[in-house]
Every structure is written in C-alpha cells, then in structure tokens.
Amino acid sequence: MIDRKDIRQHAAELEAALSRRGADVVGPHSAWARVAELDRIQRRLKTELETLQAERNRVSKLIGQKKRQGEDASREIADMSQLADRLRLLQGEARKAEEEFERVLLELPNPPLDSVPDGADEEDNVEIRRWGHPRSDQVPPHFEIGERLGILDFESGARIAGSRFTVLRGAAARLERALIQFMLDMHVDRHGYDEVWVPAIVNRRTMTGTGQLPKFADDLYKLEGEDAYLIPTAEVPVTNLYQDSILDVSQLPIRHCAYTPCFRREAGSAGRDVRGMIRQHQFDKVELVHLTLPERALEDLETLTSHAEAVLQELGLPYRVVELCAGDLGFSAQKTYDLEVWLPSQQRYREISSCSSFGQFQGRRAGIRYRSGKGKPQPVATLNGSGLAIGRCLVALLENGWQPDGSIEIPEVLIPYMGGLQRIANE
RNA sequence: GGAGAGAUGGCUGAGUGGUCGAAAGCGGCACCCUGCUAAGGUGUUACACGGGUUACCGUGUCGAGGGUUCGAAUCCCUCUCUCUCCGCCA
C-alpha cells in the first residue's frame, strides 16, 4: 500500500506514476481522488475526536481526585455524561471514515518505478537478454508428446476434478517431483536460501498483506464457510511469515525458498491455453522470497532473477528475460522481470517465472518492518520470483527434450533425481 | 467434537474500577567503574496517528469487536487464537 504521507506530500508524482500503469486516477470519482478526499475527512474527524477525548480524560482524572479526597464531584459527572454521548457519536463517524479510507487505499496498486518502460500491455514489454539456442524444427505440443508416451492424462484430470486439471503418470509424475527437489537443492545449497515449508491455506489478513485481497478475490479459491483461501503462490504464506513484526536490521536480507502447490481460479482467462498443462487450476512452484532494505531492492531483484535464470541454464532450456512495461505490471509490483522459456511447438517464448520488487508496498500492508539502531521501524522491501513454475518447466522439458523417435531426453542434472533414467520412451 | 485454563511491552511475568503505558526480572542501548578469565554501578529502553523547527504536547493501543461507567488491562457479552485432558485421526 502507498505511504499515507505521500498521498499528501507527493500527490503529483504518485498520480503520474499510477496513471502510467493504468490505475484509476482520472476525475473526481477516481479511486485516487477519493483516497485523498477520505484522508482529509478522516483526519479532520480524528482531530475533533481527540480534542473531546482529551477533555474527558482531564475531567475524569479530576473526578477521581475529588472522590479520593471525599469531595463532591456530581457536577463534573453530570457534565461528562453529556460529553460521553457526543463522544460515542463522533467515535462512530471517525471509525467509519477510517474504514472507508482503508478500503479504497488497499485497492490502489503500487506505483511503478520511474525506470519502468511505458506501455499498455504485454506487447510493450522490453526484451533485456536471451540465453541458449532455440530449436526451430517441428516439435509436437507437449500434450501430444505426453499423451503418446502415456505420462500426461488429461482425461482423468478432467473426470475427477474438471478442466484445467491434469494427472501425471509414471515418468512425468517422477519428473515433477525431480524438478521440485532439484530446484530446492540448488537454491538452498548454492544460492544460500533458507528453505521453508508452509501452509497452502491462509487467512484473509495474510492474503491482504501481499496484495491478493481485497481486489482479486475472484482469482482465489475460498474455503466454504471459512475465512480462508487456497494460496495462488508461495509468496503469500512465505512473505507473511513476518507479518506484524519488527525485524532487526542485522537479520536482513532474509531469503527463503519454498515449494508449494498453487491454486488459481483463472477467472478471466477462459479460452486461453485450454489444451495441455500450461494454465492449470493447480500447479506446483518453487518460489524465492527476499526481505531486504528498501535501498537494496533493485540490486536484490537482479540477484533474485539470476537465481531463477540459473535453473533454466542448468536444465539447458533456452529463455529470454523481459522487463514488464508499466501497464503490464502486477498490482503489488514496482518493477518486474519475466523469464520466458522457449516452447518449440509454439515457436515462441512463454512465461515460466516472474521476478518482482514490491518496494515497501507489501511491507507496509503486511506490517513487516525493520529497525536499525535507534531509528523508527521502517517497512521492509520485499521481492519474489518463481524459481521456477514446475508444470511449465515440465512442459518445456518435454518439448525441448523431444526426439524425432518420440522419446524425451532428460537433462544431465536431473538424471540423478530420476533414479538414473536418461530418457523417457514408450516401452 | 466434549470439558477446562489462558491471551499484558523484544521475552518471562505482576496487576480485579481512577494515582497503570502498565511492577519486577531478563534481553537491548548509553555512560561510569574495574586490568584478569568480563563482572559491577547508574540511567535508558513499546507502537501508531495528529500537532510543533527542536526539547515537547495530545490521542489511541494490555488478543479482536461490542457493552456498562464520568472513568476499564481490571466488570459484562460475542468472536479468534493458544494450552491441558478426553474423543477421533495421518
């Protein structure tokens, strides 16, 4: 969430930045105008309320004194009785104003950094670099490869759960597990991450902390009859591990990696990627999460991105890095690099990881702060990135490892994790 | 699911209507003292918001929300969470 003081002190810059990402800033009824207005109203009510409270406290103290000394205080008590009624009224108003302000503020996205390129959507993203040599020969889509090998079972997935669910069999199931294990080992052993295992169900506060709520409730699976949700990414539980706490500066940076299943309703994406397992309601992901000093966030984003890239390089999967333009940025992000892996069947790059800096946006929402020396606690900067999405990685391996005889070559680094299996083939 | 107990500052833990933002201890910080296997002394040490150039002032916060009262950490109601025992279960 945006710093409340900035709404008053840096209104013009904020408005310009928000407008670049297509946020609702135009006109007197925009979220932006409302938030500024509600801030004024709320503060005015609060000042008034506090004046009355000060009066109440002063006289109540006096009453206490008089009573202790055996004096008569009935006149003061009568006065206060009236004041108490007014106080109650004002309290209600002030609370309503505060709630309203919060509600609107929580729906304002993170303003992009100045360095983020202009643009409206995916088309305007900027390619930063490429790695590897994409194959240009004819390769069947992963779902055909997988079905022919009998390792991807879309029919069963649809029958037992619905569309956008897949059953993995045999070598594919093992490959899924191998990838999780391989990525976690790599980030823990070589990149120095602290591994955590976390709940896949979280409460509303947690979902709000990282920015999924209140605005994107439609994208989430909610548990019936409970104020609880299935996580869409490990970012949510892992970042919120530190919600409402004050860290010592010496603890930073904190770097966690975690494997979790992820659940997404894919509400707005009917008709996209309907075949195959590129877009699923449930998928596995290894996630990288950083908590760091605000001034270190950009530097950290480069580091985090390189950690995700290392996975693709080890697996020998060609990819490119693109920087998202302002209009394509996620709600909570101030800057994002997407990693896109080469899919030969589509002859194009597809997103397999998204690495973002959130600045202090999430730190402020989730109440994650740090303190250095005697200074006031400040919101931490948070970052995260997929390292990587397992399902899409599996798709990429099937297609990029595909041989004309229909078999799949397993990358060197995965063979130990596959129990020595070097190739997936029809027996 | 049943029965009971509890939730106070970074931690432990006192506090049953006014002098309590809250004893004490630990931890942290600052200064002082001491030359010996780091001990002692003194002081200081929550967060948020609002006001003021600073010292500072005001308000709120003792799990959350509501109520009683001139006044609530303290009394009442609701909820959440934790712990113990029983049941069930991986």
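Note on naming: letters A, B, ... go to the chains in the order of the sequence lines (proteins, then strands), and numbering restarts at 1 for each one. Hydrogens, waters and symmetry mates are skipped; everything else that's a heavy atom, side chains included, is used.
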With A:Ala178, which residues qualify under side-chain contact (heavy atoms from CB on, under 4.5 Å), at least two apart? A:Tyr417, A:Met418
Atom-to-atom span, [atom1] of [X] to [atom2] of [N] - whole angstrom:
X	N	atom1	atom2	result
A:Met80	B:rG71	CE	P	9 Å
A:Asp248	B:rU45	CG	C1'	14 Å
A:Lys96	B:rG66	NZ	P	14 Å
A:Asp72	B:rC70	CG	C1'	13 Å

Sort me out a list of protein N/O and nucleotides 18-22 of chain B N/O pairs below 3.5 Å, or just none if empty.
from: B:rG18; atom 1: O2'; to: A:Arg68; atom 2: NH2; distance (Å): 3.3
from: B:rG18; atom 1: N2; to: A:Ser60; atom 2: O; distance (Å): 2.9

What residues, two or more places apart in sequence or in another chain, satisfy ring-ring contact (aromatic ring centres under 6.0 Å, His included) together with A:Phe361? A:Phe331
How far, in whole Å, is [M] from [N] if one measures between their [atom1] atoms?
N	M	atom1	value
B:rA39	B:rA5	C1'	42 Å
B:rC88	B:rG17	P	45 Å
B:rG63	B:rG50	C1'	26 Å
B:rU68	B:rC49	C1'	28 Å
B:rG13	B:rC29	P	24 Å
B:rU44	B:rG60	P	25 Å
B:rG15	B:rC70	C1'	24 Å
B:rA72	B:rC20	P	16 Å

Give the table of side-chain donor-acceptor pairs shorter than 3.5 Å for residues 74-88 of chain A, with sequence neighbours excluded, one pair per line with atom names and distance.
from: A:Ser74; atom 1: OG; to: A:Asp72; atom 2: OD1; distance (Å): 3.0
from: A:Ser74; atom 1: OG; to: A:Asp72; atom 2: OD2; distance (Å): 3.0
from: A:Glu76; atom 1: OE2; to: A:Lys66; atom 2: NZ; distance (Å): 3.1

Pairwise ring-ring contact (aromatic ring centres under 6.0 Å, His included) hits with a residue in [range], at least two apart:
range	answer
residues 146-168 of chain A	A:Phe165-A:His281
residues 285-312 of chain A	A:His191-A:His307, A:Tyr193-A:His290, A:Tyr193-A:His307
residues 6-60 of chain A	none

Summary of protein contacts for nucleotides 47-65 of chain B, nucleotide by nucleotide, where a base hit scores B, a sugar-phosphate-only hit scores S (4.0 Å, heavy atoms): SSSS-------BBS-----
Who pairs with A:Glu144 by side chain to side chain donor-acceptor pair (under 3.5 Å), at least two apart in sequence or on another chain? A:Arg148
dist A:Leu175:CG -> A:Ile408:CD1 (nearest 0.5 Å) comes out at 9.5 Å
Give a yes or no answer on whether the side chain of A:Ser357 reaches the backbone of A:Gly359 with a donor-acceptor pair at less than 3.5 Å. yes
Are A:Lys96 and A:Glu99 close enough for a salt bridge, meaning some N to O gap below 4.0 Å? no
With sequence neighbours left out, which residue pairs that include part of residues 23-36 of chain A fulfil the salt bridge (Lys or Arg N to Asp or Glu O under 4.0 Å) condition? A:Arg34-A:Glu100
Residue pairs passing the salt bridge (Lys or Arg N to Asp or Glu O under 4.0 Å) test where at least one lies in residues 164-191 of chain A, sequence neighbours excluded: A:Asp153-A:Arg169, A:Arg190-A:Glu314
With pairs defined as Watson-Crick or G-U wobble and both distances under 3.5 angstrom, please note down RNA chain B as a dot-bracket string, | for pairing with another strand. ((((((((.[[[..)..(.....]]]((((((.......))))))((((((....)))))).[[[[[..)....]]]]])))))))....
